[in-house]
Amino acid sequence: MGDFSRREVLADSLAKTLLWVTTTPSTMVKTLPFYLLEAGCFLADPNYIIQREYHNSYLLLYTRNGQGTLKTQGVSLSLGPESCVVLDCHKPHEYCCSGEEWEFLWFHFGGSGADTLYPLLYPAQVQQSMVENPLEFEEALRDILGLAEYDDMGSCVETSAKIHTLLSRLLHARLNQEQRDQKGTYDREISWAVAYIKEHYGEPITIDDMIQTLPISKFHFIRCFRRLMGVPPYSYLTNYRINMSKVLLRTTQQPVAEIGQACGFQEASNFIAHFKKHTGLRPSAYRRIFLQE
């Protein structure tokens, strides 16, 4: 427990340890997208509290019964049964039992996948999610806890995959909740904009064109589009143009400049620059690869 504070160690004595396993990932394991550091199931009494300024991990907390409270980065969350939250422990944080007892499953984890997925899960601030299928979610958590007892490479690879699946479920639930909170309006608006891009990608398009008939501000549109599609509107447009140009490069003998223009790039040099940035190849080199097949 190298970078745990003394207060944390003392606080752990106020929780009944139903299960607790620790791991020491090897250098090879740390190359996986996700790796486990420790995991457990605690039953905390009213005096249980964890306070840290920093811990080199992320933490998933799932409440089975009772009530807990989490505070971090100016946010305070009440954690009730069947709720789950992922915490960036690199930032100051505190969590404690806030009722008669608090039973929770948890695991600390790291990895490049965690660094990538966390900001997708919480683009603004940390929030709890209500688990859509508690029995299935709990079973997946216990699978991860069970795998933590093995240190072979195969088990570590399986653990990485299971953590990814679990976090993906939380992200999906988070997106669904956001849509419900917004009454589904932006989902329809973004779908309309995506359809507009696919129909007009060969023409000069601006964000104003995308929202010309939509009752939405440009700022709100860009924010909602990025959240739902994973990229800003113009990046999505550029990616779509590149994808369509790939089809033409592989299936026609049209000159590169003509293909670029047909896909919305007015200048051949602009098309070549964007294509190379996204694929690592010039359009002509990309075409030659498939001519050789």
Joint hydrophobic cluster, I259 plus I289, side-chain heavy atoms closer than 4.5 Å: yes

Option passing side-chain hydrogen bond (donor to acceptor under 3.5 Å, both in side chains) with Y95 (candidates R52, K71, Q51): R52

Give a yes or no on whether the ring-centroid distance for H55 and H90 is below 6.0 angstrom. no

Is the shortest heavy-atom distance from the side chain of L60 to the side chain of L170 under 4.5 Å? yes

Look only at the side chain of T69 and the backbone of C96, and say whether a donor-acceptor pair between them is shorter than 3.5 Å. no

By the rule that ILVMFWY residues connect when side-chain heavy atoms come within less than 4.5 angstrom, directly or transitively, which residues belong alongside L32? M28, V29, Y35, L37, M153, V157

Donor-acceptor side-chain pairing of Y236 and R241 below 3.5 angstrom: no

Spell out, yes or no, whether Y48 and L19 are grouped together once hydrophobic residues are joined by side-chain heavy atoms under 4.5 Å, including indirect joins. yes

Flag, side chain of S83 to backbone of L79, donor-acceptor distance under 3.5 Å: no

hydrophobic_cluster_shared for V86 and L120, side chain cutoff 4.5 Å: yes

Hydrophobic cluster mates of L147, side-chain heavy atoms under 4.5 angstrom, ILVMFWY only, any path? none

Report yes or no: does T31 contribute a side-chain atom to a donor-acceptor pair with the main-chain N or O of T27 at less than 3.5 Å? no

Sub-4.5 Å side-chain heavy-atom contact between Q67 and W102: no

Within the supplied structure, the quantity of interest is the number of heavy atoms (other residues, nucleotides, ligands) at a distance under 6.0 Å from Q212 CD; does it exceed 12? yes

List for me each residue that meets salt bridge (charged side-chain N to carboxylate O under 4.0 Å, His left out) alongside K162, sequence neighbours excluded, and say none if there are none. D143

Is there a donor-acceptor pair closer than 3.5 Å between any side-chain N or O of T279 and the backbone N or O of L281? yes

Do the side chains of L167 and Y118 get nearer than 4.5 Å, heavy atoms only? no

When the aromatic ring centroids of W106 and F42 are compared, is their separation below 6.0 Å? yes

Going through the checks in order, is the side-chain hydrogen bond (donor to acceptor under 3.5 Å, both in side chains) test met by H200 and D209? CA-CA 10 Å; H200 298 277; D209 294 326; over 6 Å; no

Centroid-centroid distance, Y58 to H108, less than 6.0 Å: no

Do K218 and D208 make a side-chain contact, defined as non-hydrogen atoms from C-beta onward lying under 4.5 Å apart? yes

State whether the side chain of S235 and the backbone N or O of V231 hold a donor-acceptor pair below 3.5 Å, judged by distance alone. no

Could you check if a side-chain atom of L59 sits within less than 4.5 angstrom of a side-chain atom of L61, using non-hydrogen atoms only? yes

Does T72 reach the main-chain N or O of H93 with its side chain, forming a donor-acceptor pair under 3.5 Å? no

Salt bridge (Lys or Arg N to Asp or Glu O under 4.0 Å) partners of residues 99-121, not counting sequence neighbours, each pair once: R64-E103

Between Q128 (side chain) and S78 (backbone), is there a donor-acceptor pair under 3.5 Å? yes

Validation row: W192, V194 side chains within 4.5 angstrom (heavy atoms): no

Heavy-atom side-chain contact between F221 and E189 under 4.5 Å: no

Would you mind listing the cluster partners of M130? Hydrophobic ones only (ILVMFWY), side-chain contacts under 4.5 Å, chaining allowed. none

Backbone of H274 reached by a side-chain donor or acceptor of H278 within 3.5 Å: yes

Other residues, nucleotides, ligands: >12 heavy atoms within 6.0 Å of E53 CD: no

Let me see the working for Y62 and F104 under ring-ring contact (aromatic ring centres under 6.0 Å, His included), right down to the final yes or no. CA-CA 5 Å; Y62 171 73; F104 59 98; over 10 Å; no

Residues in salt bridge (charged side-chain N to carboxylate O under 4.0 Å, His left out) contact with E136, at least two apart in sequence or another chain: R169

If we only count heavy atoms from C-beta on, is the C263 to F271 side-chain gap below 4.5 Å? no

